[in-house]
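Presented below is the structure to which this report refers.
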Amino acid sequence: MELVNAVKERRSIRRFSDKSVSPELISKIVSNAVYAPSWKNTQTTRYIAIENSLIKNQIADDAVCGFEFNSNTIKNAPALIAVTTRNLRSGYERDGSFSTSKGTHWQSFDAGIATQTFCLLAYEKGLGTCIMGIYDEKKVKQILNISDDYSVSALIAIGFPASPVEVPKRKTADDVLSVIE
Ligand SMILES: Cc1cc2nc3c(=O)[nH]c(=O)nc-3n(C[C@H](O)[C@H](O)[C@H](O)COP(=O)(O)O)c2cc1C
């Protein structure tokens, strides 16, 4: 698959077929996603693949801030990925001081790169994904028993798409690019 096609054709998928997504397939995707760049190669991203429908439904029912859209997406998906990141690493020096003026910012930045890398690799395998930012982090951490050393940086619904979806309108290069010569 051409990279440009993956970037342009990947869509957020919120309706999935009944086909399951095996842990082995998720493991294959993650084995390539680990090549995503990160702050000083700290590689703080960890993926939790939730295939258990009881736990998945608990997140859908109790941990999406009442946002029904995400609740439905999570229930409909055969699996859910919690993208977690180790705190106090990305953006920091070894002595615990910030390396830049942007404080903790780089932790989420790394998580975003890792998440999109994961989603593009999943797309290459024929899978659909939906990155979700609307969730109650405290509740997700409780349900998944995640320690305070980690943050939940994103949730990703994953499965085989039920049907193709429209491309949401994009800005053009002229809209978003300014060149200084
Ligand atoms: C950080 C982030 C948070 C998002 N949160 C949600 C969400 O909570 N629920 C949802 O349905 N989609 C969510 N999305 C998906 C966006 O709505 C989607 O990427 C955007 O509309 C463009 O559509 P496309 O991904 O199909 O190109 C999120 C995407 C990102 C990058």
Side-chain angles (χ1 to χ4, degrees), residues 6-21 26 29-30 33 36 38-39 44-91 102-123 125 127-171 176:
V7 169
K8 289 175 78 172
E9 291 166 9
R10 176 219 54 83
R11 292 277 70 76
S12 292
I13 300 298
R14 300 175 177 93
R15 302 289 306 167
F16 300 91
S17 77
D18 290 340
K19 194 173 163 187
S20 63
V21 180
I26 292 174
I29 294 165
V30 171
S38 62
W39 172 270
T44 64
T45 303
R46 301 288 179 272
Y47 303 86
I48 302 172
I50 303 135
E51 303 249 359
N52 179 301
S53 57
L54 288 178
I55 296 175
K56 197 168 60 64
N57 288 348
Q58 204 184 341
I59 292 174
D61 286 332
D62 300 339
V64 295
C65 311
F67 188 53
E68 211 177 329
F69 210 57
N70 282 359
S71 184
N72 292 338
T73 301
I74 293 170
K75 282 186 179 170
N76 192 256
L80 179 71
I81 310 290
V83 180
T84 72
T85 44
R86 180 77 165 88
N87 297 324
L88 310 176
R89 293 279 189 278
S90 184
K102 293 175 78 71
T104 59
H105 163 84
W106 299 109
Q107 180 169 343
S108 291
F109 193 92
D110 282 358
I113 295 172
T115 299
Q116 172 69 340
T117 303
F118 177 95
C119 290
L120 289 174
L121 289 163
Y123 180 69
K125 299 275 184 213
L127 288 157
T129 54
C130 184
I131 301 168
M132 289 170 289
I134 301 174
Y135 57 87
D136 182 328
E137 181 176 20
K138 214 171 152 189
K139 287 194 176 149
V140 173
K141 285 179 77 167
Q142 263 169 14
I143 293 167
L144 299 179
N145 201 18
I146 295 170
S147 89
D148 286 341
D149 294 337
Y150 287 83
S151 294
V152 180
S153 296
L155 296 179
I156 310 173
I158 186 165
F160 291 91
S163 51
V165 297
E166 295 279 307
V167 185
K169 199 170 180 322
R170 286 317 207 252
K171 297 184 194 304
V176 302

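Remark: side-chain polar atoms of Lys56 are paired, donor with acceptor, to backbone N or O of Ala77 under 3.5 angstrom. At distances below 3.5 Å, not a single donor-acceptor pair connects side-chain atoms of Ser12 with backbone N or O atoms of Cys130. Side chain of Asn87 to main chain of Asp148: a donor-acceptor pair is present (N/O by atom type, distance under 3.5 Å, no hydrogens or angles). Lys141 places a side-chain N or O within donor-acceptor distance of the main-chain N or O of Tyr150, the cut-off being under 3.5 Å.
The number of heavy-atom neighbours closer than 6.0 Å to CZ of Arg15, taken from other residues, nucleotides and ligands shown, is 12 or below.
To the nearest 0.5 Å, the span separating CG on Leu120 from OG1 on Thr129 amounts to 8.0 Å. With values rounded to the nearest 0.5 angstrom, Leu127 atom CG is found 4.5 Å from Ile158 atom CD1. Here the CD1 atom belonging to Ile59 is positioned 11.5 Å from the CD atom belonging to Gln142, to the nearest 0.5 angstrom. Atom CD1 of Ile55 and atom CG of Leu144 lie 7.0 Å apart (nearest 0.5 Å). To the nearest 0.5 angstrom, Ile13 atom CD1 is 11.0 Å from Asn76 atom CG. Separating the SG atom in Cys65 from the CD atom in Glu137 is a distance of 10.5 Å, to the nearest 0.5 Å.
Taking both residues in full, the closest heavy atoms of Lys125 and Phe160 are given as O-CE2, 4.0 Å, listed atom of the first, atom of the second, then distance. Nearest heavy-atom pair, Phe16 versus Pro78, reported as atom, atom and distance to 0.1 Å: CB-CD, 3.9 Å. When all heavy atoms of Ala111 and Thr45 are compared, the pair lying nearest together is CA-OG1, 4.2 Å. The two residues Leu54 and Asn52 have their closest heavy-atom pair at N-OD1, 2.9 Å. Heavy atoms only, all atoms of each residue included: Arg10 and Cys119 are closest at CD-CB, 4.2 Å. The heavy-atom pair separating Leu80 from Leu155 by the smallest distance is CD1-CB, 4.2 Å.
Using modelled atom types, one finds no donor on one side chain facing an acceptor on the other under 3.5 Å when comparing Ser90 with Thr44.
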Assess the residue pair Ile26 and Glu51 against the criterion (side chain to side chain contact (heavy atoms under 4.5 Å, CB included)); give the C-alpha distance rounded to whole Å, side-chain angles, the decisive distance to 0.1 Å, and a yes or no. CA-CA 11 Å; Ile26 292 174; Glu51 303 249 359; 3.5 Å; yes

Check step by step if side chain to side chain contact (heavy atoms under 4.5 Å, CB included) holds for Ile48 and Ile146. CA-CA 10 Å; Ile48 302 172; Ile146 295 170; 3.7 Å; yes

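Each of Asn70, Val152, Ile74 was compared with Tyr135 under the side-chain contact (heavy atoms from CB on, under 4.5 Å) criterion, and only Val152 meets it.
Thr85 places none of its side-chain heavy atoms less than 4.5 Å from the side chain of Asp110. Taking 4.5 Å as the limit, every side-chain heavy atom of Val83 sits out of range of all side-chain heavy atoms of Phe118.
Relative orientation of the Phe109 and Trp106 rings is perpendicular, given thresholds of 30° and 60° on the angle between their planes.
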